[in-house]
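First up is the structure itself, then whatever we jot down about it.
All values below come from the heavy atoms of this structure, side chains included, with hydrogens, waters and symmetry mates left out.
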Amino acid sequence: MYRLVFTQVLRRFDAEAVHRLTVTGLAVLARLPLLKRLFHRAFAPHDPVLRVTAFGVHFPGPFGLAAGFDKDAACAEAIAALGFGHVEVGTITAHAQPGNPRPRLFRLVGQRAVINRMGFNNSGARAAARRLRRTRGVPVVVGVNIGKTKVVPESEAVADYVAGARELAPLADYLVVNVSSPNTPGLRNLQAVELLRPLLTAVKEVADATPRRTPLLVKIAPDLADEDVDAVADLAVELGLDGIIATNTTIRHGGETGGLSGRPLKGRSLEVLRRLRAKVGDRLTLVSVGGVEDVDDVWERLLAGATLVQGYTGWIYGGPLWAARIHRQLARRVRRHGLSSVTEAIGRTA
């Protein structure tokens, strides 16, 4: 049914307009306690075999929503009620900004992919913090993804990230430093170890000082050379980070300028995951994202060493209950392999 609605109706409308309408609808659902609880009871992962613990945080299932959808922390509870095991909100910058000019979001339906050049459009850290302080009506693990404000020069990037972290780290179940979006000029330069070290050190001081010590992860691009992936992994271990999210969107494509996500990213995302696992073993939590479409992809990422898996573009093509379906299928697969928990599958082919 969803496929028919998508092909006959949704794809005829501007992609960003559909996205904004969806976020608005989910924000409404998030403010309806009874309906939200009913959805959560019906679709959220409740099977005990799916439970995962990563960096001291308990997740009801390993499959979550990547950053980029809920940019302003407006509807995380509603997203969780549709079946995701966690929701990563953002990317949120210290200061509000409109993002890049439109059009800036494009579907590539034949490739089951999306190109975006959104540019961290969001209402800023203070506004997101107000939303994150609201009492949650249903359980949801919320990660907060932070980035650099566009108008801030590279020389002031550390202070900018620290300002965002101070607002948001105390309210996050985990915090992510995003230095890998292709849509903010110069941002990916911060992945160079000599620039990344002082940035991560400063943000980690903020995260460590929160009452519960907020876990800190860094998100990297698929376009890094293998030796640079290794260098970031070494740095993350050296600084005592909690994990790495791999990967963001790629600029290696022949379409519109911007970052490509979805099916074409599958192979490189898996390569980077396997390389990271070989480099760091289980010393860091690895979160795999990029080209995840179905339960086979989630299972493959778990076997390769990911503790958590994220999707986003697959939701556009898979429909509202995509995550709920993947979690149900994953629970069946865990039992079919004679395992008592999904955690027993992590790293089996690493």
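- Remark: the backbone N or O of L303 is paired with a side-chain donor or acceptor of T349 at under 3.5 angstrom.
- Within the structure, ring-ring contact (aromatic ring centres under 6.0 Å, His included) contacts touching residues 149-196 (residues at least two apart or in different chains) are F55-Y174.
- Scanning for side chain to side chain contact (heavy atoms under 4.5 Å, CB included) contacts around A202 gives V158, V162, with sequence neighbours left out.
- Between R213 and D242, at least one side-chain nitrogen of the basic residue sits less than 4.0 Å from a carboxylate oxygen of the acidic one, meeting the salt-bridge criterion.
- Each of R107, R104, R117 was evaluated against E16; a single residue qualifies, R104, per the salt bridge (Lys or Arg N to Asp or Glu O under 4.0 Å) test.
- Proximity of V138 to F39: side-chain heavy atoms (C-beta onward) are nowhere separated by under 4.5 Å.
- Considering all non-hydrogen atoms of both residues, A350 and A304 come closest at CB-O, 3.8 Å.
- For Q191 (side chain) and L224 (main-chain N/O), no donor-acceptor pair under 3.5 Å exists by modelled atom type.
- Under the 3.5 Å distance criterion, the side-chain polar atoms of T343 are left unmatched by any main-chain donor or acceptor of V52.
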### Task
Walk me through it: do K219 and N145 pass the test side-chain contact (heavy atoms from CB on, under 4.5 Å)?
CA-CA 9 Å; K219 186 169 186 176; N145 184 300; 4.0 Å; yes

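- Checked by atom type and distance alone, the side chain of R283 pairs as donor or acceptor with a backbone atom of V280 at under 3.5 Å.
- Listed here is the closest heavy atom pair of A163 and A94: CB-CB, 4.0 Å.
- D223 and T250 share a donor-acceptor pair across their side chains, judged by distance under 3.5 Å alone.
- R112 contributes atom CZ, which lies 10.5 Å from atom CD1 of I316 (distance to the nearest 0.5 angstrom).
- By the rule that hydrophobic residues join a cluster once side-chain heavy atoms approach within less than 4.5 Å of another member, F6 and V114 end up as members of one cluster.
- H86 contributes no side-chain N or O that, together with a main-chain N or O of F59, makes up a donor-acceptor pair within less than 3.5 Å.
- Considering OG of S181 and CG of L190, their distance stands at 11.5 Å, rounded to 0.5 Å.
- Grouping the Ile, Leu, Val, Met, Phe, Trp and Tyr side chains by contacts below 4.5 angstrom, directly or via other members, places V23 with L132.
- Summarising the geometry, atom CG belonging to N100 is positioned 7.0 Å from atom OG1 belonging to T184; distances are rounded to the nearest 0.5 Å.
- Inter-residue side-chain proximity for L195 and E154 is flagged as met; some heavy-atom pair is nearer than 4.5 Å.
- Closest approach of G124 and D72 over heavy atoms only: N-OD1, 4.4 Å.
- Across G164 and A125, no two heavy atoms sit closer than the pair CA-CB, 4.2 Å.
- Note that CG of L239 is 8.0 Å distant from CG of L196, once rounded to the nearest 0.5 Å.
- Between L65 atom CG and F84 atom CZ the span is 4.5 Å, to the nearest 0.5 Å.
- Considering CG of L265 and NE2 of H253, their distance stands at 10.5 Å, rounded to 0.5 Å.
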### Task
Please assess L321 against L82 for the test side-chain contact (heavy atoms from CB on, under 4.5 Å), listing each intermediate value before the final yes or no.
CA-CA 6 Å; L321 300 181; L82 292 177; 4.0 Å; yes

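- Within the 3.5 Å criterion, the main-chain N or O of V287 finds no donor-acceptor partner in the side chain of Q310.
- Formation of a donor-acceptor pair under 3.5 Å by the R197 side chain with backbone atoms of L235 is not found in this model.
- F106 and F13 fall into different hydrophobic clusters, where Ile, Leu, Val, Met, Phe, Trp and Tyr are joined by side-chain heavy atoms under 4.5 Å apart, directly or via other members.
- With hydrogens and angles ignored, the 3.5 Å screen pairs no side-chain donor or acceptor of D226 with any backbone N or O of V229.
- Put simply, the side chain of P62 does not reach to within 4.5 Å of the side chain of I346, judged on heavy atoms.
- A side-chain hydrogen bond (donor to acceptor under 3.5 Å, both in side chains) with K266 holds for exactly one of E300, E271, E293; it is E293.
- Tracing side-chain contacts under 4.5 Å through hydrophobic residues (I, L, V, M, F, W, Y), one reaches L302 starting from L50; they form part of the same cluster.
- A salt bridge is absent between R188 and D228: the closest approach of a Lys/Arg side-chain nitrogen to an acidic carboxylate oxygen does not fall below 4.0 angstrom.
- Ring pair Y2/W322: centre-to-centre distance not below 6.0 Å.
- Minimum heavy-atom separation, R301 to L273: O-CD2, 3.5 Å.
- Side-chain atoms of F120 and K150, non-hydrogen and from C-beta on, never get closer than 4.5 Å to each other.
- Taken together through direct or relayed side-chain contacts under 4.5 Å among Ile, Leu, Val, Met, Phe, Trp and Tyr, M118 and I245 form part of one hydrophobic cluster.
- At least one side-chain heavy atom of F69 sits less than 4.5 Å from a side-chain heavy atom of L26.
- The local environment of CZ in R126 is sparse, with at most 12 non-hydrogen atoms from other residues, nucleotides or ligands closer than 6.0 Å.
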#### Entry: Working for side-chain contact (heavy atoms from CB on, under 4.5 Å), residues L339 and R348
CA-CA 12 Å; L339 307 179; R348 282 203 163 197; 3.2 Å; yes

### Task
I would like to know whether D173 and R136 meet salt bridge (charged side-chain N to carboxylate O under 4.0 Å, His left out); could you show each step before the answer?
CA-CA 13 Å; D173 291 306; R136 297 175 189 174; 3.3 Å; yes

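- Although no hydrogens or angles enter the test, the distance criterion places a donor-acceptor pair under 3.5 Å between the side chain of D160 and the main chain of T149.
- Crowding of R41 atom CZ: a count of heavy atoms from other residues, nucleotides or ligands under 6.0 Å not exceeding 12.
- With sequence neighbours excluded, the residues forming a side chain to side chain donor-acceptor pair (under 3.5 Å) with T214 are T210, listed by chain and number.
- Contact check on R335 versus D47 returns a salt bridge, with a Lys/Arg side-chain nitrogen under 4.0 Å from an Asp/Glu carboxylate oxygen.
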### Task
Check the pair V177, L175 against side-chain contact (heavy atoms from CB on, under 4.5 Å), reporting the backbone distance first and the verdict last.
CA-CA 7 Å; V177 170; L175 189 69; 5.6 Å; no

### Task
Evaluate the ring pair (Phe, Tyr, Trp, His ring centres under 6.0 Å) criterion for residues H46 and H327: first the C-alpha distance (whole Å), next the side-chain angles of each, then the deciding distance (0.1 Å), finally the verdict.
CA-CA 9 Å; H46 299 294; H327 269 131; over 10 Å; no

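- Between D296 and R333 a salt bridge is recorded (basic side-chain N to carboxylate O distance below 4.0 Å).
- N122 and T91 share no side-chain donor-acceptor pair at under 3.5 Å.
- Considering all non-hydrogen atoms of both residues, V144 and A172 come closest at CG2-CB, 3.5 Å.
- With hydrogens and angles ignored, the 3.5 Å screen pairs no side-chain donor or acceptor of K36 with any backbone N or O of L29.
- Using a 4.5 Å heavy-atom threshold, the side chains of P60 and P45 count as touching.
- Ring-plane geometry between Y312 and H19 is classed as tilted, the angle between the planes lying from 30 to 60 degrees on a 0 to 90 degree scale.
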